[in-house]
**Q** 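For reference, the structure I am asking about is given below.
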Amino acid sequence: MRLQKPRGTRDFLPDEMERRREIEARMRETVRRFGYREVCTPVFEHLDLFTMKSGEGIIEEMYVFVDKGGRHLTLRPEVTASVVRMFVNEGRNLPKPLRWCYFADCFRYERPQKGRYRQFWQFGIELIGADTAFADAEVVVAADEMLKAAGVTYDLQVGHLAPVKSLIAGLSPDLQRRVMTCLDKRDFGALEESLAGERQGADLVESLTAVAGCRSPDDLFAITGAIPEKDRITEICELLESQKVPYGLNFAIVRGLDYYTGMVFEAFAPNLGAENQILGGGTYRLAHLFGGDDVASCGFAAGFDRIMVSLGEFTTAGRPGAAIVCTPEAGMRGLEVAAAFRAAGIRTETDLMGRSLGAQVTHAAKSADFAVIIGKKECESGLVTLKNLHTGEQRGLALRDAVAEVSGFGDR
Ligand code: HAM
């Protein structure tokens, strides 16, 4: 029996990896321009890191295990908590705000389907130690720019937790949680059911539904009145508009994770099915839970695999490749020529199978742009024959000129 990969995981062949690396590079470059620098945290963490804020319920959704030393550990389901733990341990004295980014695989014990995996990659940023509308807006602008650079089509929605929280402040913590879950799923039927037994439950359903439907700050404050976060929400909207971010306001966004405190935002790809959320983030406070000061932070994580599904098939520009094609007379000359091409940064393969000259050229055409032929004639002249495998054109050239020609391929 052939062994299969574990459920919810994927293998990636080289073509797919090249596509992934290309998109990853564009995303990295975007956040670099905003000043975000990469960090790396462990793939597994103490279980407490995630249960502290979210409770034991989250264990169901994680890859939890006990190691040989009896420690309760888990594969990371996300990276924000790890980054904040690292900030508390190592970054406390660094000048704030800190701008960190990561590209990391995460693990969730979920029912797999298209766009939902048990191992998946997140590309995220965390802005730690700035508590202003400018900070909130910077993170949304960076998300917008990054998705644009990745080339996906998306719908960006920005909200804030304060309006909903102000409306449900009088409910029990349990019921508040249930209301938030209903809003998160946009399940207004379940919302009505949850609040059916409450005093003025029907009015509350009406206000929550109205808040969920608000598309401008003015409409919102007409319902909620002047909540303390009014100025912050207004300022975030002004900043996003001034930077021409194409976003919609949506105060029904409450986010699944428990640590958000203020602004929240999500992006959706319209060409994906049920799993169409390609990015999520917001402002949060976690550092005090891990033994640090109560530091305001804001960040997002993009679901890299969903972005790749949304982009569909495409061919990467790729860099030119060469195959050295030799007859036995060439002796070590083939390896010397290969070394010269590699020294110039060109992907270069040599025959390892003892194939005939013709078979080597046929094979080269499958993986390279050029064949560099060294037969008896070339050994005598000291030149190489450079064959363009796309056009079939071939010429005798000095090695240096052949290297220069392949290096410049694609520049025209
Ligand atoms: P999240 O919404 O749980 O947020 O995950 C971020 C993104 O990861 C989602 O929008 C989705 O695209 C992708 N994602 C989640 N689960 C899966 C899965 N099973 N398979 C494929 N993709 C998935 C967070 O994780 C927060 N840490 C984001 C954040 C950073 N908030 C502040 N800073």
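Along the sequence shown, residues carry numbers from 1. For ligands, and for the atoms within them, numbers begin at 1 and follow the listed sequence. Computed from a predicted structure; not experimentally measured.
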**Q** Short list, please: which atoms of ligand 1 are under 4.0 Å from a heavy atom of Gly299?
**A**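 Every atom of ligand 1 under 4.0 Å from some heavy atom of Gly299: 30 (C), 31 (N), 32 (C), 33 (N).
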
**Q** Answer yes if the side chains of Ser82 and Glu45 hold a donor-acceptor pair under 3.5 Å, and no otherwise.
**A** yes

**Q** Any nitrogen or oxygen of Tyr102, side chain or backbone, less than 3.5 Å from one on ligand 1?
**A**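 N/O-N/O distance under 3.5 Å: no.
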
**Q** Is it the side chain (CB and beyond), the backbone, both or neither of Val79 that lies under 4.0 Å from ligand 1, heavy atoms counted?
**A**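 The answer is neither.
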
**Q** Which part of Arg118 is near ligand 1, with near meaning a heavy atom under 4.0 Å away: side chain, backbone, both or neither?
**A**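 Contact part for Arg118 vs ligand 1: neither.
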
**Q** Please check whether Glu126 reaches ligand 1 - meaning an N/O of the residue sits under 3.5 Å from an N/O of the ligand, judged on distance alone.
**A** yes

**Q** Given that the side chain starts at C-beta and the backbone is N, CA, C, O, which of these parts of Tyr284 lies under 4.0 Å from ligand 1, counting heavy atoms, or is it both or neither?
**A**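 Contact part for Tyr284 vs ligand 1: side chain (C-beta onward).
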
**Q** Quick one: are Leu386 and Val372 in side-chain contact, heavy atoms under 4.5 Å?
**A** yes

**Q** For Arg255, take its heavy atoms, then give the atoms of ligand 1 lying under 4.0 Å from any of them.
**A**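 What qualifies from ligand 1 is 1 (P), 2 (O), 4 (O).
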
**Q** Has the side chain of Arg19 got a donor or acceptor atom that lies under 3.5 Å from a matching backbone atom of Phe314?
**A**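 Checked: pair present.
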
**Q** Parallel, tilted or perpendicular: which describes the rings of Phe12 and Trp121, with under 30° parallel and over 60° perpendicular?
**A** perpendicular

**Q** For ligand 1, which atoms have a heavy atom of Glu78 less than 4.0 angstrom away?
**A**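 Close to Glu78: 25 (O), 26 (C), 27 (N).
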
**Q** Could you work out, for atom 8 (O) of ligand 1, the closest of Gln277, Gln122, Glu275 by heavy-atom distance?
**A** Gln122

**Q** Relative to the heavy atoms of Gly280, which atoms of ligand 1 are at a distance of less than 4.0 Å?
**A** 10 (O), 28 (C), 29 (C)

**Q** Quick one: which ligand 1 atoms are inside 4.0 Å of a heavy atom on Gly281?
**A**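 Within the 4.0 Å cut-off of Gly281, ligand 1 contributes 31 (N).
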
**Q** Are Met308 and Phe304 close enough that some pair of their side-chain heavy atoms sits under 4.5 Å apart?
**A** yes

**Q** When only distance counts, is Arg116 in polar contact with ligand 1, meaning an N/O pair under 3.5 Å?
**A**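 It does not: no N or O of Arg116 is found under 3.5 Å from an N or O of ligand 1.
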
**Q** Of the listed options (Ala81, Gly115, Gly303), which comes nearest to atom 21 (C) of ligand 1 when hydrogens are ignored and any heavy atom counts?
**A** Gly115

**Q** Enumerate the atoms of ligand 1 whose separation from the nearest heavy atom of Ile278 is less than 4.0 angstrom.
**A** 10 (O), 12 (O)

**Q** Answer yes or no: does atom NZ of Lys96 have more than 12 heavy-atom neighbours from other residues, nucleotides or ligands under 6.0 Å?
**A**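 Yes, the 6.0 Å shell around NZ holds more than 12 heavy atoms from other groups.
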
**Q** Working note: Thr51 + His72, criterion side chain to side chain contact (heavy atoms under 4.5 Å, CB included); need CA distance, chi angles, decisive distance, verdict.
**A** CA-CA 11 Å; Thr51 53; His72 290 260; over 6 Å; no

**Q** Check whether any N or O atom of Asp305, backbone or side chain, sits under 3.5 Å from an N or O atom of ligand 1, and answer yes or no.
**A** no

**Q** Measure from atom 31 (N) of ligand 1 to every heavy atom in Tyr259, Tyr260, Tyr109 and give the option owning the shortest one.
**A** Tyr260

